[in-house]
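Worksheet for the structure shown next.
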There are 2 protein chains.
Amino acid sequence: MVSTEGEEIIVLGSSDIDIHMISDLFHRNSKIYTAIIIGECEIHYQGRASSKAPLGTRIVIYKSDGSLLVHEGKDRDPLNWQPPGSLCISDADKGFLEIRCRSRKYGHEIVSIRFKRILTAIWCRLSTKGLEVHGTEKDLVEMIYMNPSVISPSAKVIGREVETPSGKIDLILRDDPGNIYVVEVKNEKAGISAVNQLDRYVKYLESMQSRSPDVTRRIIGVLVSNGITRRAREALIERGYIYIDSMSLKIGNTSQTLMKYVK
Amino acid sequence: MVSTEGEEIIVLGSSDIDIHMISDLFHRNSKIYTAIIIGECEIHYQGRASSKAPLGTRIVIYKSDGSLLVHEGKDRDPLNWQPPGSLCISDADKGFLEIRCRSRKYGHEIVSIRFKRILTAIWCRLSTKGLEVHGTEKDLVEMIYMNPSVISPSAKVIGREVETPSGKIDLILRDDPGNIYVVEVKNEKAGISAVNQLDRYVKYLESMQSRSPDVTRRIIGVLVSNGITRRAREALIERGYIYIDSMSLKIGNTSQTLMKYVK
DNA sequence: GCCTAGGTCCCGTTT
DNA sequence: AAACGGGGCCTAGGC
């Protein structure tokens, strides 16, 4: 048996491989150590869907947060996996190492890995710091929230994350002439679904407005995104809405792009 | 220099670590071998978004298809990554190993990894077989396609993957009384967006129908999914559409669930 | 190449 | 806990 106390990393080469030892290590300290096993294995998955992978050489990673990854030599995404909080049980009694991993959240989901041969096995402590990401949609909404004049010079924010039966409206603005702007922000290239989403919000506000007939304001759909697909642009124009490229906002350009549309 | 010819796996322990050798291995045979490096590193990413990860112990995997993964001890998804087809360049001349990886597709995307310390480095040949997945939405559509009577006893398929300006309709059926069924299938629990999707399809068919006023058929929206959220169900009912739980279909139950709705 | 939509999506945030 | 929506989503399939 190998002591793991305080070890920073344990590397077992092919000559050190003993499946009972590996099975033992797999169970101990799994809350602290991340285990990495490289070898030939078959994999079965049964759950929301089901799959079977034939014998092949793969990397299996069982992280300290209970997530399981099985990677091949291609693709960013794992071939099989289990989400964080899953529990692995290993068994070496049948002459080969078998790992069964059950999801805590979806109890009926099971990934089963049977190793025919193990090339190397590693245990190590990895950091769990995460990172800071900038330049997301949230940042873009925040920017417009702080500078609504980029949409229209006299615009003021009158709503943010406004709930509707069809989802949340990113921003609602109103300018001095009384125009209402429904702003949908996408950090990526906008497709048809983004236009449909905007359409739904505008239609909803119009239906609300029609219930108080004393007030009749113009409601203008505005899509802010990093590019737009051809079909989406056509649909946008057909419905009389407006597209603003997010890049023109990001560079601090408070251009009056909109003014040529809004009279 | 280490020979990699024909080697199945190369494992360098902490005592073998020479960053110039690792840098050299990183460049050679990267089309065949997958490289795995575990060590303390800082990471910078600049591209569609940007991020920075402080010094921490992580796993870096550079696959033979050109994908790059950086994993910590938590989460199914990598902390940083680069998609397949990316190119890594390593450099050991400044006294530490630095790997810069550029995406081929998005040329301006760069992940930069600077290792302060390397614990182990591995090269191995992994399989790239992929797998077969069953129980997906496609299978469910196929099942209904082969057995349209599960929707309504006399129903026949009159359309599949039908293109509309708002997306593709999974299935369109017609029964003997002449009712038209627009079927949207979700393999997962359906949310508001699924109802909106179905609504768009029905509205589109209705608009098509109104152009040929001699034909007036009843168009019935049908959502087949593995569960439905409360708000989605409310929206569905409000619009007069029908929900069928996919589980009731999967068990071969050709129940006449629908008949109580369709007169 | 662009565009569309599904996914064992993952993941954070809010209700 | 459930639900909703973003994501550097990824990945497959059409055109």
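All values reported here derive from a predicted model rather than from experimental measurement. Here is how names work: the chains are called A, B, and so on, in the same order as the sequence lines, proteins then strands, and each is numbered from 1.
Within 4.0 Å (heavy atoms only), B:E163 reaches no atom of the nucleic acid at all. At the heavy-atom level, B:G167 lies under 4.0 Å from the strands shown only through sugar-phosphate atoms. Among the heavy atoms of the strands, none lies under 4.0 Å from A:S193. Among the atoms of the strands shown, none is found under 4.0 Å from any heavy atom of B:E161. Contact annotation for B:P78: no contact, since no heavy-atom pair falls under 4.0 Å across all strands. No engagement by A:S50 is indicated, since no non-hydrogen atom pair under 4.0 Å with the nucleic acid exists. A:Y106 comes within contact range of no nucleotide atom at all, as no heavy-atom separation falls under 4.0 Å.
Put simply, A:W81 has no side-chain N or O that comes within less than 4.0 Å of OP1 or OP2 on C:dC9. One finds no side-chain N or O of B:K138 lying less than 4.0 angstrom from the OP1 or OP2 phosphate oxygen of C:dG6.
Toward the 5' end of DNA chain D, the nearer of the two residues B:P83 and B:I192, judged by each one's closest nucleotide, is B:I192.
Contact annotation: side chain of A:D75 to base of D:dT11, donor-acceptor pair absent below 3.5 Å. For D:dG7, the base has no donor-acceptor partner in the side chain of A:E137 [N/O atoms by modelled type, under 3.5 angstrom]. Between the base of D:dG8 and the side chain of B:N80 there is a donor-acceptor pair shorter than 3.5 Å.
The cationic atom of A:R174 (NZ for Lys, CZ for Arg) does not lie both less than 6.0 Å from the six-membered ring centre of A:Y181 and within 45° of the ring axis.
At a threshold of 4.0 Å, the pair A:E142-A:K138 does not count as salt-bridged, since none of the basic side-chain nitrogens sits closer than that to a carboxylate oxygen.
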